[in-house]
**Student:** 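Sharing a structure with you now.
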Amino acid sequence: MATSATICELSQHVGQTVTLRGWLYNSRSSGKLMFLVVRDGTGLCQCVLEKTDATAGLFETARRLGQESSLAVTGTVRADPRSPGGHELAVSDVVIVQNAAGYPITPKAHGVEFLMQRRHLWFRSQRQWAILRVRHTVVEGIRQYFNEHGFILIDTPIFAPAAGEGAQTLFAVDYFGEPVYLAQTGQLYVEAAMMAHRKVYCFGPTFRAEKSKTRRHLTEFWMVEPEIAYADIDDVIALAEDFVEFVVRKCLRERRTELEMLGRDLAKLEAVRKPFYRLTYSQAAEILHSDRVRQMLIADLEQAKARVAELTKLIADKEAERTAAGVKEWKADKLAQEIMDARDELADQEEAVHNIPHHIELAANFEWGSDLGGSDETIIARLHEKPVFVTHYPRACKAFYMKRNADDPRIVNNLDLLAPEGYGEIIGGSQREDDLNVLLERLKEDGLKEADYEWYLDLRRYGTVPHGGFGLGVERTVAWICGLKHIRETIPYARMMGRIYP
RNA sequence: UCCCCGAUAGCUCAAUCGGUAGAGCACCCGGCUGUUAACCGGGUUGUUGUAGGUUCGAGUCCUACUCGGGGAGCCA
C-alpha cells in the first residue's frame, strides 16, 4: 500500500512509492512511453508510464484520458531535471476518478473574453494558480504587519447610509425601502475606532460605481485602511513606507517560485527598500511641465512608431515565409506563433502611438489645482525606480476630511503612493482634519449636509487629536508585485463594468 | 458621459481591388521508448455578432444596434 503524498513534498519521498491524487494537466505519448503531467493543487509532476506486457491495459486506458480528468497515480519518486518541479513519478498504477472529456481551456492560446467567461476553470492554469498564491501572501502580509504592530482589526459596515465622498460613484441598494449604498471606504468608521484603540485597521471589499473600463479598475476590490492616533503626515508616510516594503519582501521570500513562473523581474522588486521617493504636488506639476518629460514622451512616441513599422514589416515577412511553398510544417507553426506574439505587441504599440500625443498634451497643459491624471501619475512613476509619494495636493481636488496645511491653506497634508513601472496609485491617504471649525467649513464648501456627519463631528468635539491613515488597494498591489498587465487576474472573481459572470 | 479598436470553425487567426470562406490547434484513427503547448501521416469542422441598405455579386462598403477590448474623466 503506497503512502499518499502531495507534489510539493515529493523531495522528501525520493525512492519511495507514493500515490498522488489530482488532475491530468496534460499528456504526451510516444508509442511505448507516456508522460502524464499531473497537478494536485500543490504543484505539477510529470508521471512517466512505460508500456510493458504488465502495463499494456493501463497504457491503453491512460491514453484515452481527457485533460482535467481526476485520477490517482501511484509510482516511484525520482529526481529528474526534465520534469517540471524537478521530480517525476515512475508509474505503476493509475486509478481514474473521472475521465473528463472536452475541457475547454487547452494548453494552446485563448483570448481574454473566452478565459474570463470560464474563470471558474481558468484557476487551474499554472499562471492563474501562481497569481492567486501571491495574492494570498499579500493578504497574509497585510494582516501580519498590522497585527504584529499593535493594530486592532475593526470591521466597518458594507451598507453605508450616505456618501463618504462623491455620491456619484456609489452603488445604491434598496434597504427596506430606504436607499443605502455599498461602502467605498471604511475610513470615517475606522477613525472613530482609532480614538478607542489608538491604532486600528479595516480590511474588506469596497465598491465603486465608476464607469471606468481600464486595466486598473474593478467595481469591487479589496482595500486595507489603517488609521493611527497622534500622527501627522510624516508619521503616516513612514507607516506606509515600512508596510509596503514589508509586504514586498514577504512575497520575495515566500513566493519566489510563483513570481519566477510569472516571469517577474525580481531585481525590480528587490529594489523596493526604504526610503521611497517623496515629491510634493507642486514639484510633480513642475516635472510634468518640464522639457525633460516632453522629450521623454516624444522619444517614447518615436520609439513606438518605429516599433510599429518594424513589427508590421516583421509580420509581413514572416507571413510570406510561412505561406511560401515547401516550408516545413514545424517551421510554419513556429512562424505562426511568432506572428501571433508580434501582433499582440503591435496592438500595444499602436495603442501607445494613439495615446502618447494626448498624454503629452495633458502633461503640458497641467494646471496647478487639478488632480493628477492616470497618465500624469504614470509619467511621474516612470522617472523613479522605487515607489514615489506625492504629497500636499490642492485642497479643492481632495476630500473634505483631509488636514489643511498649516503654512499654506491652499493645500492639504495628503499622500498618494505611486508604484513603479506604471502601476499607478496603490495608496491614497492623509492626515485628517482634527479642527472642528475647519471641518465644518469644509463640509459647507463641498455642499455636504452637516446632519449626516454629526457622529463624525463628535470625534472632533470629544478629545480630538492629530491623526491620519491611508488605504491600500490589494489588487493593484498584487498586479504590481506580479508584474501583470491587467488587474482582472489578481482577484478570483473580477467584477468590472460589463462583467458579473461567473 | 466621451474617444479609438474589434467580432469569421470548439480555440487562435488568415481571406489581396467587392468575385467559389482557409490554416494551425482541439477531437477521432494510425505511427513513434525521454517528451516539455512533443512530433509525423490521415479524417471531421461554418446562419462570417444582429438588423437593414448599396451592388449582377458583400466576410469585405454604408447605417443602426448588441457584445467585447483599450483609453479620457474619476479612482485603490
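Sequence lines set the chain letters: A, B, ... in the order given, protein chains first and strands last, and positions in each chain run from 1.
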**Student:** May I have the distance from Phe203(A) (atom CZ) to rA76(B) (atom P), rounded to whole angstrom?
**Tutor:** 16 Å

**Student:** Using a heavy-atom cut-off of under 4.0 Å over every strand shown, decide if Asp80(A) touches base, sugar-phosphate, or nothing.
**Tutor:** base

**Student:** Check for me whether the distance between the ring centres of His392(A) and Tyr281(A) falls short of 6.0 Å.
**Tutor:** no

**Student:** Could you tell me the separation between the CZ atom of Arg28(A) and the C1' atom of rA37(B), rounded to a whole number of Å?
**Tutor:** 8 Å

**Student:** Scan the side chains in residues 492-502 of chain A for donor-acceptor partners under 3.5 Å anywhere in the protein, sequence neighbours excluded, and list what turns up.
**Tutor:**
| unit_1 | atom_1 | unit_2 | atom_2 | d |
| --- | --- | --- | --- | --- |
| Arg495(A) | NH1 | Pro502(A) | O | 3.4 |
| Arg495(A) | NH2 | Pro502(A) | O | 3.3 |
| Arg499(A) | NH1 | Gln117(A) | OE1 | 3.0 |

**Student:** Considering only atom C1', compute the distance from rA7(B) to rG41(B) and round it to an integer number of Å.
**Tutor:** 35 Å

**Student:** Rounded to whole angstroms, how far apart are CD on Glu68(A) and P on rA37(B)?
**Tutor:** 17 Å

**Student:** Spell out yes or no: do the side chain of Glu88(A) and the base of rG34(B) have one donor N/O and one acceptor N/O closer than 3.5 Å?
**Tutor:** yes

**Student:** Would you mind telling me which of rA37(B), rG71(B), rU33(B) lies closest to the side-chain atoms of Lys108(A)?
**Tutor:** rA37(B)

**Student:** So does Glu377(A) pair up with Arg216(A), basic N to acidic O under 4.0 Å?
**Tutor:** no

**Student:** Output yes when Glu258(A) and Arg264(A) qualify as a salt bridge under the 4.0 Å nitrogen-oxygen rule, no when they do not.
**Tutor:** no

**Student:** May I ask you to say what Gly498(A) touches in the nucleic acid, namely base, sugar-phosphate or nothing, with a heavy-atom cut-off under 4.0 Å?
**Tutor:** sugar-phosphate

**Student:** May I ask you to check whether Phe243(A) and Tyr145(A) place their ring centers less than 6.0 Å from one another?
**Tutor:** yes

**Student:** Rounding to an integer number of angstrom, what distance separates rG59(B) and rU16(B) when you compare their C1' atoms?
**Tutor:** 14 Å

**Student:** Using the P atom as the reference point in each nucleotide, state the distance between rU50(B) and rA58(B) in Å, no decimals.
**Tutor:** 15 Å

**Student:** Figure out the CG/C1' separation between Leu36(A) and rU33(B), and round it to whole Å.
**Tutor:** 14 Å

**Student:** Any donor-acceptor pair under 3.5 Å joining the side chain of Ser212(A) to the base of rG73(B)?
**Tutor:** yes

**Student:** Below 4.0 angstrom, which residues in residues 110-122 of chain A have at least one non-hydrogen atom near RNA chain B?
**Tutor:** His110(A), Gly111(A), Glu113(A), Phe114(A)

**Student:** Salt bridge between Arg307(A) and Glu302(A), side-chain N to carboxylate O under 4.0 Å?
**Tutor:** no

**Student:** Any Lys/Arg nitrogen of Glu475(A) or Arg135(A) sitting under 4.0 Å from an Asp/Glu carboxylate oxygen of the other?
**Tutor:** yes

**Student:** Quote, to the nearest angstrom, the P distance that separates rG71(B) from rA64(B).
**Tutor:** 26 Å

**Student:** By the 4.0 Å heavy-atom rule, please label Leu218(A) as base, sugar-phosphate, or nothing.
**Tutor:** base

**Student:** Flag the pair Glu489(A) and Arg127(A) as a salt bridge only when some basic side-chain nitrogen lies within less than 4.0 angstrom of an acidic carboxylate oxygen.
**Tutor:** yes

**Student:** Can you tell me the distance, in whole Å, between the CD atom of Glu361(A) and the P atom of rA72(B)?
**Tutor:** 14 Å

**Student:** To the nearest Å, how far apart are Lys32(A) NZ and rC39(B) C1'?
**Tutor:** 17 Å

**Student:** Going by an N to O cut-off under 4.0 Å, is there a salt bridge joining Glu140(A) and Lys250(A)?
**Tutor:** yes

**Student:** Nearest whole Å is fine: how far is rA76(B) C1' from Arg488(A) CZ?
**Tutor:** 18 Å

**Student:** Looking across every strand, which nucleic acid part, if any, lies under 4.0 Å from Glu475(A) by heavy atom: base, sugar-phosphate, or nothing?
**Tutor:** nothing

**Student:** Identify whether NZ of Lys or CZ of Arg in Lys398(A) sits under 6.0 Å from the centre of the six-membered ring of Tyr393(A) and within 45° of that ring's axis.
**Tutor:** yes

**Student:** Rounded to the Å, how far apart are Leu415(A) CG and rA76(B) C1'?
**Tutor:** 13 Å

**Student:** Under the criteria of a ring-centre distance below 5.5 Å and an interplanar angle below 30°, is Phe221(A) stacked with the base of rA76(B)?
**Tutor:** yes

**Student:** Heavy atoms only, 4.0 Å cut-off, all strands: where does Arg78(A) land among base, sugar-phosphate and nothing?
**Tutor:** base

**Student:** Using atom C1' in both nucleotides, what's the gap between rA23(B) and rG46(B) to the nearest angstrom?
**Tutor:** 14 Å

**Student:** When you compare rC11(B) with rU20(B), how far apart are their P atoms, in angstrom units rounded to a whole number?
**Tutor:** 25 Å

**Student:** Ser375(A) or Met223(A): which one's nearest nucleotide on RNA chain B is closer to the 5' end?
**Tutor:** Ser375(A)

**Student:** Would you say the side-chain atoms of Thr378(A) and Ser375(A) include a donor-acceptor pair closer than 3.5 Å?
**Tutor:** no

**Student:** Side chain of His359(A) only, heavy atoms from C-beta on: which candidate in rG71(B), rA76(B), rA26(B) is closest?
**Tutor:** rG71(B)

**Student:** Looking at Arg476(A) and rC75(B), is any side-chain donor or acceptor paired with a base atom of the opposite kind under 3.5 Å?
**Tutor:** yes

**Student:** Indicate, with yes or no, if the rings of Phe123(A) and Trp129(A) have centres closer together than 6.0 Å.
**Tutor:** no

**Student:** Considering only the C1' atoms, how many Å lie between rC67(B) and rG24(B), rounded to the nearest integer?
**Tutor:** 27 Å

**Student:** I want to verify a distance call: between rC74(B), rU1(B), rU12(B), whose nearest atom is closest to the Glu210(A) side chain?
**Tutor:** rC74(B)

**Student:** Would you write out the dot-bracket form of RNA chain B, 5' to 3', with Watson-Crick and G-U pairs under 3.5 Å, [ ] for crossing pairs, | for pairs to other strands and . for unpaired bases?
**Tutor:** (((((((..((((.....[..)))).(((((.......))))).....(((((..]....))))))))))))....

**Student:** With C1' as the reference atom in both, quote the distance from rU12(B) to rA37(B) in angstrom, rounded to an integer.
**Tutor:** 13 Å

**Student:** Look at the side chain of His217(A) and decide which nucleotide, out of rA37(B), rU35(B), rA76(B), has an atom nearest to it.
**Tutor:** rA76(B)

**Student:** Under 4.0 angstrom, heavy atoms only, what part of the nucleic acid is Arg216(A) near: base, sugar-phosphate, or nothing?
**Tutor:** base

